[in-house]
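Okay, so here's the structure we're looking at.
In what follows, every chain begins at residue 1, and chains take the letters A, B, ... in the order their sequences are listed.
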2 protein chains.
Amino acid sequence: MSRPRVLNDDELLDRARDIFWRQGYAATSLRDLTAATGLSSAALYNRFGDKAGLFREVLRRYADTGLSAERLPRLAALPDPRAAITGFFEDLLALSEAANTPSGCLLINTVLDGGAEAPETRALVRERLGEVEVFLRTQIERSKAKGLLPARIDPPVAAEGLFGTVLALRVIARLDPDPVRLRRLIAAGLSPLGLSVPAATSP
Amino acid sequence: MSRPRVLNDDELLDRARDIFWRQGYAATSLRDLTAATGLSSAALYNRFGDKAGLFREVLRRYADTGLSAERLPRLAALPDPRAAITGFFEDLLALSEAANTPSGCLLINTVLDGGAEAPETRALVRERLGEVEVFLRTQIERSKAKGLLPARIDPPVAAEGLFGTVLALRVIARLDPDPVRLRRLIAAGLSPLGLSVPAATSP
DNA sequence: CTTTTAATATATCGATCGTTCTATTATTTA
DNA sequence: TAAATAATAGAACGATCGATATATTAAAAG
């Protein structure tokens, strides 16, 4: 019925994502985005309204592909909820050590960057990060119900602590991405629960 | 010998700091800065070289007045190292609940913002945040040496965990600055050490 | 074919960006 | 007073910003 798109939304958003991720929202210009996508600014505006609209779609897809749509449900389906928790942190470690991807978490960067100024964007970031916290709290409650955690554990406090470990992990991944530091941080976060993540496999 | 400055460096940097703190480095324009300081851009350039140079001085003063020069030495001088740790988190709570100041920590924001692109700035941020971690590790070691902490505590891991709590606290202060959340996070961070911070004083 | 539709490129908009040139101002020293 | 010095303001620089108006393109539908 009409001229076909030279680049589908998913591929386009992935390319835009890498630029936003590396540079932040404010520091990324429309010209950076046209260079990365190969599309004209007019084409981007026709499809996403404006820069903030494009960024919001980038965030939405980032959250969908990075966490919610795949990773969290898969982990939540594990029979042992403790494995869901440790598996989540193992995944984060693997992400931090992956060479081809920018460091840190785009959602968390956006909290401290000016990128979450717009209320819609702010709400999106809060909601998607909230999903992570809910996941962690749920797994802690499941574990506690099965008697798999020390009795002294208070689920809301422990969940807040684990979520804090996630945030800290993603900040340190940008500040000083030393795998030893990251593993030490995870060890500190998991140890109150009596959990741990396997040591790095020597190459 | 020459025309006097209409605004001393400290006052000037404090005003610039608030703009950078609220908006981030990239989103803050020279016009924002001239409006906040009352000085012309030429005067700012004469004194600080360029925007990045001004920002670096802002960061330096922020770190000096916010942490190092006063707070950390004062706490480190306390006879009970556990009080130094809990006092530090109490101070952070008070900062988060102060109404007149922007939320979060300028140094940590700068890690995730594009503001730490320049190597000099990056080094400054790392160094000043490193001081916090050293402070926490030192107090843990002092506590351990005095037998004031559980024997199972591994100081490097525990220090990383507490530093992570600081990072998380400052992210959440921007994401969802609910005092209950912040206190829950601190409780989670301190509990492995058998420490805690007093509950909020009812008004 | 022709029409319709949407995606795209080109060109450009005024605004604003960081920065700098030039001149003026206020103060100290001689 | 005059000379020297440094801080300042005003004006403007080219570059780039986000955004848009217009025209062209490529497909489907008739």
Checklist entry - Between C:dT8, C:dA26, C:dT19, which one does the side chain of B:P4 approach most closely? => result C:dA26

Item to check | A:D9 and its salt bridge (charged side-chain N to carboxylate O under 4.0 Å, His left out) partner, picked from A:R61, A:R47, A:R60 | outcome: A:R47

Next on the checklist: Need one value for B:G38: base, sugar-phosphate or nothing, where a base atom within 4.0 Å counts as base even if backbone is also close, heavy atoms only.
Outcome noted: sugar-phosphate

Item to check | Nearest-Å distance for atom pair CZ/C1', residues B:R5 and C:dT27 | outcome: 14 Å

Checklist entry - Given atom CG of A:L30 and atom P of C:dA11, what is their separation to the nearest angstrom? => result 18 Å

Next on the checklist: With a 4.0 Å cut-off on N to O distance, would you call A:D32 and A:R22 a salt bridge?
Outcome noted: no

Next on the checklist: Using a heavy-atom cut-off of 4.0 Å across all strands, would you classify A:T28 as base, sugar-phosphate, or nothing?
Outcome noted: sugar-phosphate

Next on the checklist: What is the separation between atom CG on B:L44 and atom C1' on C:dT20, rounded to the nearest whole Å?
Outcome noted: 13 Å

Next on the checklist: What contact category does A:S29 fall into here, base, sugar-phosphate, or nothing, at under 4.0 angstrom with non-hydrogen atoms?
Outcome noted: sugar-phosphate

Checklist entry - Of the candidate nucleotides D:dT20, D:dC17, C:dT25, which contains the atom at the shortest distance from the side chain of A:S41? => result D:dT20

Item to check | Spacing between B:D50 atom CG and D:dA15 atom P, to the nearest angstrom | outcome: 19 Å

Next on the checklist: Please verify the inter-ring angle class for A:Y25 with A:F55; under 30° counts as parallel, over 60° as perpendicular, anything in between as tilted.
Outcome noted: tilted

Checklist entry - How is A:R47 classified with respect to the nucleic acid when contacts are heavy atoms under 4.0 Å: base, sugar-phosphate, or nothing? => result sugar-phosphate

Checklist entry - Which whole-number value in Å describes the distance from B:L33 CG to C:dT19 P? => result 11 Å

Item to check | Which nucleotide in D:dT8, D:dA21, C:dA7 has an atom nearest any side-chain atom of B:N46 | outcome: D:dT8

Checklist entry - Is the closest basic N to carboxylate O distance between B:R128 and B:E131 below 4.0 Å? => result yes

Checklist outcome for this item: Here the distance between atom P of C:dT29 and atom CZ of B:R3, to the nearest Å, is 18 Å

Item to check | Proximity to the side chain of A:Y45 - top-ranked nucleotide from D:dA19, D:dA9, C:dT20 | outcome: D:dA19

Item to check | A:S2 (side chain) and C:dT4 (base): donor-acceptor pair under 3.5 Å | outcome: no

Checklist entry - How many Å lie between CG on B:N8 and P on D:dT8, as a whole number? => result 11 Å

Checklist entry - How about B:E90 and B:P198: do any of their side-chain heavy atoms sit closer than 4.5 Å? => result yes

Checklist entry - Atom CZ of B:R31 and atom P of C:dT16: how far apart are they, to the nearest Å? => result 8 Å

Item to check | Closest to side chain of A:A42, choosing from D:dT8, D:dT20, D:dA27 | outcome: D:dT20

